[in-house]
K.L.:
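My questions will all concern the structure given below.
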Amino acid sequence: MLTDKVASLDVERIRADFPILASTLHAADDRPGVPLVYLDNAASTQRPRQVIQSIVDTYEKHYANVHRGIHWLSDQSTDLYEESRNKVRAFVNADDSGEVLFTRGTTESINLVARSWCDANLRAGDEILLTEMEHHSNIVPWQQAAERTGAVVRFLPITDDGRLDLDVLDQFLTERTRVFAVAAISNVLGTINPLETLIARAHAAGALVLVDAAQSVPHQPTDVSALGADFVAFSGHKMLGPSGVGVLYARRDLLDAMPPFLGGGSMIRKVTTSGFEPADLPSKFEAGTPPIVSAIALGAAIDYLQGQGMEAIQQHEHRLCVLAHEVLDSVGGVQRLGPSPGDKCGIVSFKLDRVHAHDVAQILDRQGIAVRAGHHCAMPLHKRLRVAASTRASFYLYNTPHEVEQLGRALEAAKSIFRRKS
Ligand code: PLP
């Protein structure tokens, strides 16, 4: 809930922490560069010095393999790695750190559940419920699980303005539904889905719920215990952390009953020539050498986000979203995708009349503005909206109202270029 009591972010001070934001692009002999306006945060965010420094410090002072060596350096790096897990636990309010698994990212976290839980529990005719607004990472692993088990994948429809159609939820959540996998926030529409309602209704129908939180954990406070979700997946690189590390939160009783996802070192208690015994949580699901340095740096990213305050970040992005809607509406010829700002976060996708999304992105890029264009790994959603491709601007704590206004001016310029051409 947004309130006026939340302190505003000091965005200029925040920007000074991000070296890349001082970049200028496209400089040539005869012209100076243009400043970078980074509006592609839903794809991946930038990193503050504090996170970069954590990576340098780990390599320079603390690095060794974790949970392996009986030497001082290995103990140090193990302590930092486990300390970071505990920061993640506190950040999302999980009960215990055995419920926090480090993975390579949201995609791997979802694959872990779709492979381990589904293969052990699904039978032919069971149903997996997804929604029409999911990212491919929250579609394909379930389609693969369905191929292996004979389960059926169904898609909860959305309304024309980009919300889940709750009126038909009961037709889709049936006694055959075993798992419901849903994005907390759509990576295209920015829609914030009513998770409490969805989880309560899914549990009442006897289904487990996986929340794809790739676009929510970085941008708003998260409390997995209060939410009651069974599985929650997110990525480090979308929350100021490094790429190559992500998280799966899962209820302990579920993880205890699930078979390991990958086999190898670290995930075993004992191996003999006739078999193996898996290790306790969380090691059971962390086979091989984990992303040690990235996981430690994710802890530094969490420190940074908490230092700013997740409510303040959410509030800041909401203001930018409201402004972006005003700016896009004033350009004219812009079709916005998704609901009004009250029900969405700082992700604004749109189509510019008669101009392909890739052309829009290229023209914006010439002015230093980085946005994403295409289907944003959500082809079924674009098909449902009857839009081949869209352009997406997505904001984070370091973006400014001035940058949103620059986006508007650059779109005006794009419009006039294409008007001259046609
Ligand atoms: N789910 C959503 C909603 C996303 O936006 C993304 C990335 O854009 C993913 C899943 C996949 O995340 P990753 O590529 O970090 O695994």
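As the structure is a computational prediction, the values presented were derived from the model and not from experiment. First listed ligand is number 1; within each ligand, the first listed atom is number 1.
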K.L.:
Using a heavy-atom cut-off of under 4.0 Å, does the side chain or the backbone of T107 touch ligand 1, or both, or neither?
P.N.:
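The answer is both.
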K.L.:
E108: heavy atom below 4.0 Å from ligand 1, yes or no?
P.N.:
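No.
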K.L.:
When the ring planes of Y396 and Y398 are compared, do they come out parallel, tilted or perpendicular, using 30° and 60° as the limits?
P.N.:
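The arrangement is perpendicular - the two ring planes meet at more than 60°.
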K.L.:
For S235, take its heavy atoms, then give the atoms of ligand 1 lying under 4.0 Å from any of them.
P.N.:
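Selected atoms, number and element: 12 (O), 13 (P), 15 (O), 16 (O).
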K.L.:
Count the heavy atoms of every other residue, nucleotide or ligand shown that sit under 6.0 Å from CG of L166, and state whether that count exceeds 12.
P.N.:
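Buried by this count: over 12 neighbours within 6.0 Å.
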K.L.:
Less than 3.5 Å apart, any donor N or O on the side chain of E134 or T131 sitting next to an acceptor on the other?
P.N.:
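Their side chains do contain a donor-acceptor pair, which is all the 3.5 Å distance test asks for.
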K.L.:
Should the proximity of A183 to ligand 1, defined as any heavy atom under 4.0 Å, be assigned to the side chain, the backbone, both, or neither?
P.N.:
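Answer for A183: neither.
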K.L.:
Among K238, H237, R372, M133, whose heavy atom sits nearest atom 7 (C) of ligand 1?
P.N.:
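It is K238 whose heavy atom sits nearest to atom 7 (C) of ligand 1.
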K.L.:
Any idea which protein heavy atom is nearest atom 4 (C) of ligand 1, and the distance to it?
P.N.:
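Nearest neighbour among protein heavy atoms for atom 4 (C) of ligand 1, to 0.1 Å: H135 CD2, 3.3 Å.
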K.L.:
For atom 5 (O) of ligand 1, what is the nearest protein heavy atom, given as residue, atom name and distance?
P.N.:
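Answer for atom 5 (O) of ligand 1: Q215 NE2, 2.7 Å.
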K.L.:
With a 3.5 Å distance limit and no angle check, can you tell me whether R47 reaches the backbone of G241 through a side-chain donor-acceptor pair?
P.N.:
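Checking the backbone N and O of G241 against the side chain of R47, a donor-acceptor pair under 3.5 Å is found.
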K.L.:
Does the side chain of L381 come within less than 4.5 Å of I158's, by heavy atoms?
P.N.:
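In contact.
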K.L.:
Judged by non-hydrogen atoms, does D212 sit under 4.0 Å from ligand 1?
P.N.:
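Contact check D212 vs ligand 1: positive.
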K.L.:
Does the S74 side chain pair with the main chain of N65, one donor and one acceptor, at a distance under 3.5 Å?
P.N.:
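A pair under 3.5 Å: yes.
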